[in-house]
Trainee: 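One structure follows; several queries about it will come next.
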Amino acid sequence: MATPAASSHPVEAGALPDRIRHRFPIFERRLYINSCSQGALSDAVRAAYEQYLDDWDEKGAPWEYWVERGEAARATFARLVNAAPDEVAVTTSLSAGVSALASGLRYARRSKVVLTDWEFPTIGQIWHAQESRGARVVHVPEAADGTITLAHFERAIDDDTLLVSITHVCYRNGAKLDVEPIVRLAHERGALVLLDAYQSIGSEPVDVRALGVDFLAAGVLKYLLGSAGLAFFYARRDLVERVWPTATGWFADRDIFEMDHRDYSPSATASRFQSGTPPVPAIYAGIAGMELMEEIGLAETREHVLGLHSRLLEGLDGLGARVLTPRRPERRGALLCVASTDAAALVEALERDGIVTSSRDGNLRISPHAYNSAEDVDVVVETLSRHQELLARGT
Ligand SMILES: Cc1ncc(COP(=O)(O)O)c(C=O)c1O
């Protein structure tokens, strides 16, 4: 691994990684700064997986307990986003929850679904799939300056709009939408709002009531430190029974133990957006990850990450790198994206130096989290300085 570059910065923002980094063994071997893809494995999540295997081995088929673990996961996520547990569905992916919603909407009285061009592919694909059921999908484009302003939404949202489906933070460029004004506008015009919070959840406080969104979907894989296989779908209580999912399964039933194959009676709670057997191993891990992030603190993490961003931006500017993520802190998530002449080669070059990052859309993605330190940032900048030919220049 490269040695840290000398820095004139005081050791600000060191308290958080000092306190928690030892719980993430990967840092003994690598500099992990890729939480936009996957959170680092903690001792708590490893122990949770071991506990799952022990419980399976010792008890055989403790399904009552496993269902109870699912309820604990639901309650933990609900607490994180300031929802009630009966407004939260436990799903196996963000896509599963959004698909259940899409299957339950009727595109008759209002038919338009408004998306942005910042959406993760799954969102676009799910809404375009509804075109065969009468939906009309309209994309809000990015402006020349790389932003999506409210004016763009004002043009797209009208009295035929059923739903506005927006990402909180874009997975490709790290830009963050100003959600509240979009929600206000949508509601004024009678439309509902779904927020894809996968790239923000766990990296900062996310509050469904403060944001005013009607639906929210997110998983635990990234900044919530869990693993693949567990996600959640929030539906505001008064909307739950207005949606009749047709993509469904027995864990969406009003009584899963009724075992009635001659009837469909979805739960009166957000469980109606669920499907089949819950992802028990991922639930153990997800609870451990979410509780660890609660313990670390979401507001503290956000402040810490913005501190690391300042240092990183200064270093990147010094290298003449082109940063695609907005400069205003309130307009970005935890992810910083850097233009590259060959992003795959740059990710590989960093990997050879023991630094784990990722790329999308031709850009390098650097995504610090609570466990990353100022020294990590200096190492990344120093390593990039040795691969300048892979950095794209100019504006
Ligand atoms: C913004 C965003 N939405 C959705 C997803 C994917 O969600 P899932 O695979 O759980 O359906 C990702 C994963 O990278 C993402 O970054």
Side-chain angles (χ1 to χ4, degrees), residues 33-40 73 77 81 88-103 113 115-130 139-140 142 148 163-177 179 182 193-204 206 211 213 215-234 245 247 249 273-276 278-279 281-283 285-286 289-290 324-325 331-337 343 347 356-361 363-369:
I33 193 154
N34 188 33
S35 305
C36 63
S37 292
Q38 165 81 60
F77 185 81
V81 298
V88 172
V90 179
T91 64
T92 51
S93 66
L94 173 142
S95 305
V98 175
S99 286
L101 170 68
S103 77
V113 180
L115 323 181
T116 76
D117 274 338
W118 285 353
E119 301 311 309
F120 194 79
T122 209
I123 293 291
Q125 290 157 7
I126 289 168
W127 294 119
H128 280 288
Q130 308 313 309
H139 289 249
V140 176
E142 183 182 286
I148 302 183
L163 184 80
V164 180
S165 179
I166 49 175
T167 192
H168 201 182
V169 171
C170 175
Y171 77 104
R172 280 190 288 114
N173 60 24
K176 184 167 156 188
L177 279 176
V179 174
I182 301 168
V193 178
L194 163 67
L195 186 67
D196 171 351
Y198 216 146
Q199 285 292 342
S200 57
I201 197 92
S203 74
E204 60 179 283
V206 173
L211 292 169
V213 293
F215 307 104
L216 176 145
V220 299
L221 181 62
K222 304 172 192 294
Y223 301 95
L224 282 180
L225 308 178
S227 73
L230 177 64
F232 298 95
F233 181 79
Y234 157 81
F273 296 99
Q274 296 176 174
S275 177
I283 284 172
M290 288 188 287
L324 296 138
T325 311
R331 291 282 64 81
R332 69 176 116 96
L335 165 64
L336 280 191
C337 295
V347 169
V356 184
T357 56
S358 56
S359 71
R360 286 273 191 248
D361 210 21
N363 305 315
L364 175 70
R365 300 197 301 174
I366 307 170
S367 45
H369 199 11

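Atom set for the values below is all heavy atoms of this structure, side chains included, hydrogens, waters and symmetry mates excluded. Everything quoted here is computed from the prediction, not taken from an experiment. For ligands, and for the atoms within them, numbers begin at 1 and follow the listed sequence.
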Trainee: Please tabulate, one line per pair, the protein nitrogen or oxygen atoms found under 3.5 angstrom from a nitrogen or oxygen of ligand 1, with distances to 0.1 Å, or say none if there are no such pairs.
Mentor:
unit_1, atom_1, unit_2, atom_2, d
ligand 1, 3 (N), Asp196, OD1, 3.4
ligand 1, 3 (N), Asp196, OD2, 2.7
ligand 1, 10 (O), Leu94, N, 2.8
ligand 1, 11 (O), Leu94, N, 3.4
ligand 1, 11 (O), Ser95, N, 2.8
ligand 1, 11 (O), Ser95, OG, 2.4
ligand 1, 14 (O), Lys222, NZ, 2.7
ligand 1, 16 (O), Gln199, NE2, 3.0

Trainee: Closer than 4.0 angstrom, basic N to acidic O: yes or no for Lys176 and Glu204?
Mentor: yes

Trainee: Would you indicate whether the side-chain heavy atoms of Leu94 and Ile123 approach each other to under 4.5 Å?
Mentor: yes

Trainee: Between Ser35 (side chain) and Tyr223 (backbone), is there a donor-acceptor pair under 3.5 Å?
Mentor: no

Trainee: Arg365 side chain to Tyr171 main-chain N or O, any donor-acceptor pair under 3.5 Å?
Mentor: yes

Trainee: Which pair of non-hydrogen atoms, one from Ala73 and one from Met290, has the smallest distance, and what is that distance?
Mentor: O-CE, 3.8 Å

Trainee: Taking all heavy atoms of Leu194 and all of Val98, pick out the closest pair and write down the distance.
Mentor: CD2-CG1, 4.0 Å

